[in-house]
Protein chains: 2
Amino acid sequence: MVNMTSDRRGSRREAKTVQILTAAWDLARRDGLAGISLRDLADQVGLRQPSLYVYFASKNELYDRMFTDGYQQLLGALNAQRVDDDPRVALSDMVALMVQQASDDPVRHQLLFQRPLVDFEPGEGSWSLAVEFFDFATRRLAGVGVTDTADVDLFTAVIAGLSAQQVANDPGGTRWVEQADRIVTILVDAVARPASSPS
Amino acid sequence: MVNMTSDRRGSRREAKTVQILTAAWDLARRDGLAGISLRDLADQVGLRQPSLYVYFASKNELYDRMFTDGYQQLLGALNAQRVDDDPRVALSDMVALMVQQASDDPVRHQLLFQRPLVDFEPGEGSWSLAVEFFDFATRRLAGVGVTDTADVDLFTAVIAGLSAQQVANDPGGTRWVEQADRIVTILVDAVARPASSPS
DNA sequence: GTCTATACATCGATAGAC
DNA sequence: GTCTATCGATGTATAGAC
């Protein structure tokens, strides 16, 4: 029993799958995630609509592949970023990068962090990447001493808020990206010494 | 020329319109905003699908009415809230109320503050209510001395973030609502005395 | 693996009788 | 103002030939 999907003969199939996935992201950026039509998608990759079912068992499976693909892209960007020696700067860099990523690809941000598709629920395997991402962020927060749930909630809200405003009111820009360092500094200071106790 | 829409004979029509609007919100909460079907909507109000066109010229006009209706609801809640003498507390109260409102009705929050419908663009008249809301928030921020664009951006991001997290991760709860007062205090303090200048 | 053909459902919107 | 009937488009998915 050879593994048919990972040996040499599977490469063509994988390449086509990647091509379809890329076209799906393009269509989602144009028509919205829910607006992806399998006919349009097939046209984009030089296939007839029913032929897509050779590569994906259903539209839901397509969304699932996009979901994992999106997290892989995001984790790739995070891991490619240099980690500053100062944990606070490292956290600020991560927050700025995440807001920047949301600004660069609002549709991906929407699929990963909002719940824009009523019928779509990510499969079990897909969640592992989301967990991996969450662990990454948790470690960065722990680096500056933020471990309490309430404190973590503050930071997740700030990241979500900067991203949401960036996407909704300055798509492609940096208006809220530029606020990342400032607000992280403010929050870290405030959480580090809880009450307003002047030294 | 009498005004047919506001005299006594118009009341039946207005009542039916309100009934349809209420049913539309219910359907949106069940199937999502984009998932509203005019056939389902007609069923809910005891009409046949084509009869809805007596009250709304198109599905887009229905969304437009929901948009203005949503802002009226939100402004109503804000105006009904007691205004604390302390401007900082008044601001905190507003932020907490907005996050609570988002938690109570995520679909309304989605329609008013995100852009979930690709084809829908609010009509001119509808934006006036959005402006009215924005002015309301601006005045509260000015009360604590926040007028610079960058500072205002910080607060709008925080409100958006608390709401987004509340809706996505604790719908119907108060986990992020409870963070409103704390983060407003932190931000007001930080913005009021910009640098970290110990007294 | 790709195709043609098609089933089957649902949608928004319009025409015209009553 | 409400209805029946229907149009025309679009959607996912399947059957079966090649």
Side-chain angles (χ1 to χ4, degrees), chain A residues 2-21 23-24 26-28 30-67 116-121 123, chain B residues 2-21 23-24 26-28 30-67 116-121 123:
Chain A
V2 292
N3 185 340
M4 297 291 285
T5 61
S6 61
D7 70 358
R8 206 171 70 256
R9 268 171 266 357
S11 63
R12 274 180 53 89
R13 185 189 173 85
E14 284 179 38
K16 195 74 181 175
T17 305
V18 169
Q19 187 190 359
I20 294 170
L21 215 46
D26 287 341
L27 281 180
R30 196 188 69 182
D31 302 328
L33 279 162
I36 294 178
S37 148
L38 295 188
R39 282 188 170 90
D40 287 350
L41 180 57
D43 283 350
Q44 295 284 328
V45 297
L47 288 178
R48 302 291 183 163
Q49 175 252 325
S51 302
L52 289 176
Y53 284 82
V54 173
Y55 300 94
F56 300 94
S58 68
K59 198 181 184 184
N60 232 288
E61 188 175 304
L62 173 66
Y63 283 134
D64 206 59
R65 286 293 304 265
M66 294 176 75
F67 187 82
L117 274 13
V118 281
D119 293 335
F120 167 64
E121 189 78 17
Chain B
V2 292
N3 185 338
M4 296 292 285
T5 61
S6 61
D7 69 358
R8 206 172 71 257
R9 266 172 263 6
S11 62
R12 273 181 54 88
R13 182 181 231 279
E14 283 179 38
K16 196 73 182 177
T17 305
V18 169
Q19 187 190 358
I20 294 171
L21 216 46
D26 288 340
L27 280 180
R30 195 189 69 183
D31 302 328
L33 279 162
I36 294 179
S37 147
L38 295 187
R39 284 185 167 85
D40 286 351
L41 180 57
D43 283 350
Q44 294 287 327
V45 297
L47 287 178
R48 301 292 182 161
Q49 176 251 328
S51 301
L52 288 176
Y53 284 82
V54 174
Y55 300 94
F56 300 95
S58 68
K59 198 181 185 184
N60 231 287
E61 189 175 303
L62 172 67
Y63 284 134
D64 206 61
R65 286 291 307 264
M66 294 176 75
F67 187 82
L117 274 11
V118 281
D119 294 335
F120 168 64
E121 189 78 18

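Computed from a predicted model, the values in this text were never measured in an experiment. Side chains included, hydrogens not; waters and symmetry mates left out as well; all remaining heavy atoms used.
With rounding to the nearest 0.5 angstrom, the OG1 atom of B:T17 is 8.0 Å from the CG atom of B:L21. Atom CG of A:L52 is separated from atom CG of A:L62 by 8.0 Å, given to the nearest 0.5 angstrom. Remark: A:D26 CG to A:D40 CG distance equals 12.0 Å, nearest 0.5 Å. In this structure, A:L117 CG and A:F67 CZ are separated by 11.0 Å, a value rounded to the nearest 0.5 Å. From B:Q44, atom CD reaches atom CD1 of B:I20 across 12.0 Å, with rounding to the nearest 0.5 Å.
A salt bridge does not link B:K59 to B:D119: none of the charged side-chain nitrogens sits closer than 4.0 Å to a carboxylate oxygen.
Between B:D119 atom CG and D:dT10 atom C1' the separation is 13 Å, expressed in whole Å. Note: CD (A:Q49) to C1' (D:dA15) measures 13 Å, nearest angstrom. One can place CD1 of A:I36 at 13 Å from P of D:dA13, the figure rounded to the nearest angstrom.
Close approach of DNA chain C to chain A, defined as any atom under 4.0 Å from a non-hydrogen atom of the protein, starts and stops at C:dG1 to C:dA5.
Closest non-hydrogen pair, A:L33 versus A:P116, comes out as CD1-CG, 3.8 Å.
Partners of B:D43 under the side-chain hydrogen bond (donor to acceptor under 3.5 Å, both in side chains) rule, at least two apart in sequence or in another chain, do not exist in this structure. Legend: residues meeting side-chain hydrogen bond (donor to acceptor under 3.5 Å, both in side chains) with A:Q19, ordered by chain and number and at least two apart, are A:K16.
Within the nucleic acid shown, A:S37 comes within 4.0 Å of sugar-phosphate atoms alone, with no base atom in reach, counting heavy atoms only.
A ring-ring contact (aromatic ring centres under 6.0 Å, His included) check over residues 35-64 of chain B, counting only residues at least two apart or in different chains, returns the pairs B:Y63-B:F120.
The stretch residues 38-47 of chain A touches DNA chain D through A:L38, A:R39, each having a heavy atom under 4.0 angstrom from the strand. DNA chain D lies under 4.0 Å from at least one heavy atom of each of the following residues of residues 52-62 of chain A: A:Y53, A:S58, A:K59.
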